[in-house]
Amino acid sequence: MPELPEVETIARNLREGRLGLQVPGQVIVDISNDWERQIAAPDWKTFRCKLRGQTILDVQRRGKYLVFPCTKGTLLIHLRMSGDILLVDHQEPAGGHEHTVFHFASGWSMRFSNTRKFGRVWYLEDPAEIYDRLGPEPLGSEFTADWLYTELTKRRRKIKPLLMDQTFLAGMGNIYTDETLHRAHIHPERTSDTLSRQEAESLWQNIRSTIEEGILRQGASIDWIYRGGDFQNTFQVYRRTGLPCPTCGTPVERILVGQRSTHFCPKCQPETQP
DNA sequence: CACGAGACCTGTTCGC
DNA sequence: TGCGAACAGGTCTCGT
């Protein structure tokens, strides 16, 4: 589910107290867990032991990871497809999918709701081991049009799976990739090294503007997972199969690319370079 | 190196 | 109405 804009929104909400509690400054008195596989590293016992008593100093984001720097090490959470973070009073009855709960000294709990159990939690002395495997941030200064063009040229991969490869670029998911490629008029199956300099420039521009708009709109809320955002109201192609392309009226098509549902306009995004 | 298939999970929606 | 199939915002591993 959550891609960069949704994770960024959650991080800001937790950091700024928009869910009723500011997480920075909270002291973790204990952690409970009813599904150990959710703890990716270290093992659950060590995780609980090491994190108990620590203070959360901040809430940040890197790629699609939520990052909680603590007194000693760093807590990281990846929400994957169906994860969410809830802040509630200790007394609040538990939902059915909250497998890891952080109990704060303030009487509040931070619960990791994770319906499909894909999400994972880490406690690391040094988060570099996660960061090192991630590509640049789309809104960061290392991600330039020059860099993108050069890197596209070095590979011969379909553009959509490449943009979603977190080691290439950190944060793009299925929604934002489909919307970005539509805005840039690039077919999702174009091979990366066939993009012209001008197309790479447009792609760079549209990656940034799509992500920025997603953050401004506080992400997308679709299906039964409501996150408060309204980016879904601006979708041009994502999950709009058969509906007219807002630009040219041609029905939006759905194909599979890299096993992922892919939506595009066959007229605005031709397979061959115009 | 690039790609496809399968795995990991539960819930909702769709088609007959 | 009921029931199985398809599908869902992500990532990992394995085989070709």
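Just so it is clear: chains get the letters A, B, ... in the order the sequence lines come, proteins before strands, and each one is counted from 1. Source: prediction; values computed, not measured.
Put simply, the side chain of A:E179 gets close to the backbone of A:Y238: a donor and an acceptor are under 3.5 Å apart. Judged purely by atom type and a 3.5 angstrom limit, A:Q205 has no side-chain atom pairing as donor or acceptor with the backbone of A:S202.
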**Fill in**
Pairs under 3.5 Å (Watson-Crick or G-U), crossing ones as [ ], inter-strand ones as |: DNA chain B comes out as .|||||||.|||||||
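One interatomic measurement links the two molecules: CG of A:N114 to P of B:dC8, which rounds to 16 Å at whole-angstrom precision. Distance, A:F168 CZ to C:dT11 P: 15 Å, rounded to whole Å. In this structure, A:K117 atom NZ and B:dA7 atom C1' are separated by 15 Å, rounded to whole Å. Whole-Å rounding puts the A:R116 CZ to C:dT11 P distance at 13 Å. The separation between A:L256 atom CG and C:dA6 atom P is 12 Å, rounded to whole Å.
Electrostatic pairing of A:K160 and A:E189 does not count as a salt bridge here, judged by no charged N lying under 4.0 Å from a carboxylate O. Here A:E6 does not pair with A:K64 in a salt bridge; the nearest charged N to carboxylate O distance is not below 4.0 Å.
Comparing B:dG11, C:dC7, B:dC3 against the side chain of A:R157 picks out B:dC3 as the nearest. Comparing C:dC12, C:dT11, B:dT10 by their closest approach to the side chain of A:R133 singles out C:dC12. Listed candidates were B:dA5, B:dG11, C:dT11. Nearest to the side chain of A:R260 is C:dT11. Ranking C:dG9, C:dT11, C:dC12 by closeness to the A:E3 side chain, first place goes to C:dG9. Counting only heavy atoms from C-beta on, A:R156 has its side chain closest to B:dA2 among C:dG10, C:dG9, B:dA2.
Remark: ring of A:F118 not stacked against base of C:dT11; the cut-offs of centroid gap under 5.5 Å and plane tilt under 30° are not jointly satisfied.
Using a 4.0 Å heavy-atom criterion, one finds that A:Y238 contacts the sugar-phosphate atoms exclusively.
Considering every non-hydrogen atom in both A:V29 and A:R52, the closest pair reads O-CG, 3.0 Å.
Relative orientation of the A:H103 and A:H90 rings is tilted, given thresholds of 30° and 60° on the angle between their planes. Between A:Y176 and A:F231, the ring planes are parallel. Angles under 30° get that label, and only those over 60° would be called perpendicular.
Going from the P atom of C:dA6 to that of B:dA5 covers 15 Å, rounded to whole Å. Distance noted for atom C1' between C:dC3 and B:dC8: 25 Å (whole Å).
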